[in-house]
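Take a look at the structure set out below.
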Amino acid sequence: MLGLITAVVVLVLDQASKYWILTDVLDDKSMIIFTPFFSLVRAWNTGVSFSMFNNWGVSGVVILSLVAFTIIAFLINWLRKEPSKMVQVSLGFIIGGALGNVIDRVRLGAVFDFLDFSIGEYHWPAFNVADSFICIGAILVIMHGMLVKKQPEV
């Protein structure tokens, strides 16, 4: 239950942040520069991470959404069996973030990304709250797998 609650909270935070940034903050602007290393931008990603598969059109939306739903189903099944509270929350981060991006893809035809960081000439690809939670969740699951020893089965 903890992981599902976490997923719902992440989904709401993601969708609310995208709506707010798109309609109220950026409004008709394509970019707002806050510092030399951080801006808010209006970026539409029809692909996946780092704009991979960006040129697939409508078939890409369908295929990538089906792949995401398959992964989400796998993660929910894992979540049902997971005893670790930390992993439950981490899976909730990933599930909620993935759902947020799928909603964008199905509803808008692309994922809305708006966080833009750079260092000098190097630009990190724009991302959003969902992407942040997916990365944090994945890192926590990996760390848990590396650091926590499983009890031997009897």
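Atom set for the values below is all heavy atoms of this structure, side chains included, hydrogens, waters and symmetry mates excluded.
- Annotation for Gly97 and Ile134: closest pair C-CD1, 3.6 Å, computed over non-hydrogen atoms.
- Side-chain atoms of Asn45 and Asn101 include no donor-acceptor pair closer than 3.5 Å.
- Residues Ile95 and Ala7 come closest through the heavy atom pair CG2-CB, 3.9 Å.
- Between atom SG of residue Cys135 and atom CZ of residue Phe93 there is a gap of 12.5 Å, rounded to the nearest 0.5 Å.
- Here the CD1-CD distance, from Ile103 to Gln15, works out to 4.5 Å after rounding to the nearest 0.5 Å.
- If you take CD1 on Ile76 and CD1 on Ile94, they are separated by 12.0 Å, rounding to the nearest 0.5 Å.
- Counting only heavy atoms from C-beta outward, the side chains of Phe114 and Val25 never approach each other to under 4.5 Å.
- Judged purely by atom type and a 3.5 angstrom limit, Arg42 uses its side chain to pair as donor or acceptor with the backbone of Asp27.
- Residues Val148 and Val87 have side chains not in contact (no heavy-atom distance under 4.5 Å, counting atoms from C-beta outward).
- In this structure, Asp116 CG and Ile33 CD1 are separated by 9.0 Å, a value rounded to the nearest 0.5 Å.
- Grouping the Ile, Leu, Val, Met, Phe, Trp and Tyr side chains by contacts below 4.5 angstrom, directly or via other members, places Val9 with Leu2.
- The same ILVMFWY cluster, assembled from side-chain heavy atoms under 4.5 Å apart, contains both Leu40 and Leu108.
- Contact check for Asn128 versus Asp131: side-chain heavy atoms found under the 4.5 Å cut-off.
- Under a hydrophobic clustering in which Ile, Leu, Val, Met, Phe, Trp and Tyr are joined whenever their side-chain heavy atoms come within less than 4.5 Å, directly or via other members, Phe34 and Trp124 fall into the same cluster.
- Side-chain contact between Ser84 and His144 is present, with heavy atoms from C-beta onward closer than 4.5 Å.
- Remark: Lys85 NZ is loosely packed, at most 12 non-hydrogen atoms of other residues, nucleotides or ligands lying under 6.0 Å away.
- Between Trp78 and Leu75 the shortest side-chain heavy-atom distance falls below 4.5 Å.
- Under the 30°/60° scheme for interplanar angles, the aromatic rings of Phe117 and Phe37 are found to lie parallel.
- To the nearest 0.5 Å, atoms CZ (Phe127) and CG (Leu115) are separated by 5.0 Å.
- Gln88 contributes no side-chain N or O that, together with a main-chain N or O of Met1, makes up a donor-acceptor pair within less than 3.5 Å.
- In the hydrophobic clustering of this structure, Ile71 groups with Leu79; members are Ile, Leu, Val, Met, Phe, Trp, Tyr whose side-chain heavy atoms approach within less than 4.5 Å, directly or through other members.
- Closest heavy-atom contact between Gly100 and Lys18: O-NZ, 3.5 Å.
- Of the possible polar contacts, none joining the Ser39 side chain to the Val41 backbone as a donor-acceptor pair under 3.5 Å is found.
- If you chain together hydrophobic residues whose side chains sit under 4.5 Å apart, Val141 and Leu147 never meet in one group.
- Other residues, nucleotides and ligands contribute over 12 non-hydrogen atoms within 6.0 Å of the CE atom of Met86.
- Side-chain contact between Phe112 and Leu22 is present, with heavy atoms from C-beta onward closer than 4.5 Å.
- Closest approach of Phe69 to Val102, counting heavy atoms only: CZ-CG1, 3.5 Å.
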